[in-house]
Amino acid sequence: MEIEDLMNEATAGLHPSPTLLHDVRKGGQRRRRTRRVVTAAGTAGLVAVGVLGYPLVSGPKFTQHYAGTLFDGRVHGDLKADPAFLRDAVTAWNASHKTSGNASRGIFQDLRGKAHVVWAGTTPAGKAALVEQDAFLHRHGDIQLKHEGIYSLLGFIGAGADGKPVVVGDTYPTDPADGVETNAWFVDPARTVLAVAENGGDFGVSTGWIYDTKVHRDFTPIPDQDGVGVVHLTKPATSAVHVAQLPVRGIADMRMIAGAEQLSTNYQAFTLPWRNKIVLAGAAAGTGNALQTFAKTLNTQILDQASIVGYGSWSVRGATPDGRQFLASEIRLENDPSHAYVLVGTDLVAGSQIDPQAVLPVAVALPDAQGWVVAAMGASLKYRIGSGAWVSAGRDAALLPASATAVQVTAKAGAPAVVSLRRS
C-alpha cells in the first residue's frame, strides 16, 4: 500500500464543505478534529481554532455575548472621544450587511438594538474600529446553531482606499467546543497593518513558517492598546501571517484574520506532477499506516497549527545504513510552496523548497550521516564523491552516501546536468 492509498484510507469518510475556506475565515464552520489533507487524488476537510471568550446563558431566552475588558460598556481606544469617527464607523457597519460574506447565513435579518463602537483607535494605516450589535439568530440552511437566540455580532472596521471607514469583515460567536473565531483584521487594503482584539489576553503574530531542520513558527508578542493591539508589518501580508494566543500550544490557540488572503486548494499548481511509487533496496514489504505517521509527526512538529496541509502523490521508500525505514514525499503548508520531507523512523526531516523546474527537485540530507535522498522522476542518476569517478545510482530516485558531493542527472533524451550537494 503506497502513500496515495494510505491517504485515502486515513481520510475515509471525510468530505469537505463546498464553503470550507469561507467558513474558516468567517467563523461559521463547526470544529472538526481532523486535519485537511489534499493530494492530486482527492481532498478531505478540517478546521479548528480558538475563541475570544464569552459566557453562555441558556434558558427560556438564550443569549450569547462577548465578555472581557473590551465589552464592559465603554468605548476603548485613543479615538473614543472622536464622535464623528464613531458615527462614521457605525454608518459603515450599517451599510455593509448586504455585501457581507455572512449575509447568506441570515445573521443580519433580525438585528436588535443599535450598533455601538467598543474600540476606536489610530493606526499607521489610518483609523480603525470594532463595532458590536445584537442580533437574533434563527436556524438557517447556511448556519449551524445549537440554540436560537440573541448573539453579539462584531464588525471589523478598517480604512478604505479613500481613507474612509470600511467593514473589513464580521463575525458572530459559536459554541466554544465547536467554534472558529476571528479576533483580528487588516486595517488597510494593502495588508500592512494588523489589529488584534486582545481583550485582556496575550497574543502574538507570526509572519510565516520557518523551515530549517524542523518546521516551526515564531510568534512576536503584540503590545496592547486599551484592548486592541496593532502591528505594522514590514511588507504587505500574505496568508502566511498568523495570530495566536500566547503561549501557543496548538491549533486551539490560533485565530482567524478578517481581510486576510484566502487559502488556495489548487495544490496541483504548486506540487510536483509525479505519481511514482519508488521502492529502494531495504524497504519493508509494506508501509502499513506510514502516511498516518507522516501526518501525525508533522502535526506534532508544527504544533498542529496549519489550517491546510497538502501531501504529494509520489513517494520514495527505503532503509538507511543503520537499518531505519524511511519514506520521502512532499508537503505543502497552507499557501506556502511545497517542501520535501523524509520520515526516518519516527523523525520527520524537512528539506528545501521544491522547484518543479529544477534538474534535481528533491535532495534531502538525512541526519546522523545516513545519506542523501534524491529524486528526479524519469531521469538516470549518478553520484560522485569529491573529484572521484561517477557511480551509477539507478533511475528516478536513490539513497546516496552522506559523503556524496554531486549528482549527475540525465533526463530522457537530455544531456547530463550536474547538481552539487550542499548541506544547509
Side-chain angles (χ1 to χ4, degrees), residues 1-6 40 211 213 271-288 290-291 293-294 297 311-331 338-424:
M1 183 178 291
E2 281 293 345
I3 194 164
E4 182 179 328
D5 305 310
L6 291 166
Y211 298 89
T213 305
T271 56
L272 292 166
W274 301 343
R275 301 184 69 85
N276 310 59
K277 318 297 180 187
I278 306 301
V279 180
L280 302 178
T287 58
L291 179 67
T293 304
F294 212 169
T297 305
Y311 294 89
S313 295
W314 59 273
S315 63
V316 177
R317 292 194 293 118
T320 61
D322 64 5
R324 286 177 288 174
Q325 293 290 305
F326 70 79
L327 172 69
S329 191
E330 66 183 302
I331 299 174
S338 285
H339 282 66
Y341 292 79
V342 181
L343 181 64
V344 184
T346 58
D347 296 325
L348 190 63
V349 180
S352 60
Q353 177 179 321
I354 288 179
D355 176 5
Q357 306 304 317
V359 173
L360 186 66
V362 176
V364 183
L366 300 185
D368 306 320
Q370 294 301 296
W372 289 85
V373 176
V374 298
M377 301 302 176
S380 61
L381 305 171
K382 296 181 180 180
Y383 74 91
R384 70 179 177 186
I385 300 171
S387 58
W390 289 105
V391 179
S392 175
R395 298 188 62 83
D396 298 326
L399 175 63
L400 308 182
S403 55
T405 56
V407 183
Q408 184 185 88
V409 183
T410 306
K412 292 181 179 178
V418 175
V419 179
S420 297
L421 298 176
R422 296 186 180 90
R423 293 178 181 270
S424 56

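Please read these numbers as outputs of a predicted model, since none were measured by experiment. Here, residue 1 is the first one in the sequence, and each next residue gets the next number. Heavy-atom basis, side chains included; hydrogens, waters and symmetry copies ignored.
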Does a side-chain heavy-atom distance below 4.5 Å link F294 with L348? yes
About how many Å separate CG of L421 and OG1 of T405, when rounded to the nearest 0.5 Å? 7.0 Å
Student check: side-chain heavy atoms of V364 and F326 closer than 4.5 Å: no
For the backbone of L381 and the side chain of Q408, can you confirm whether one donor and one acceptor N or O come within less than 3.5 Å of each other? no
Side chains of L272 and V362: does their closest heavy-atom pair fall under 4.5 Å? yes
K382 side chain near V407 side chain, heavy-atom distance below 4.5 Å: no
Donor-acceptor pair, side chain of S315 and main chain of K277, under 3.5 angstrom: no
Interatomic spacing from CG in D347 to CZ in R324 - rounded to 0.5 Å: 6.5 Å
How long is the span from the NZ atom in K412 to the OG atom in S380, to the nearest 0.5 Å? 10.5 Å
Is the side chain of N276 donor-acceptor paired with the backbone N or O of W314 at a distance under 3.5 Å, no angle test? no
Apply the test side chain to side chain contact (heavy atoms under 4.5 Å, CB included) to residues W372 and L366: give CA-CA distance (whole Å), side-chain angles for both, the deciding distance (0.1 Å), then the verdict. CA-CA 6 Å; W372 289 85; L366 300 185; over 6 Å; no
Have W274 and E330 got a donor and an acceptor in their side chains that come within less than 3.5 Å? no
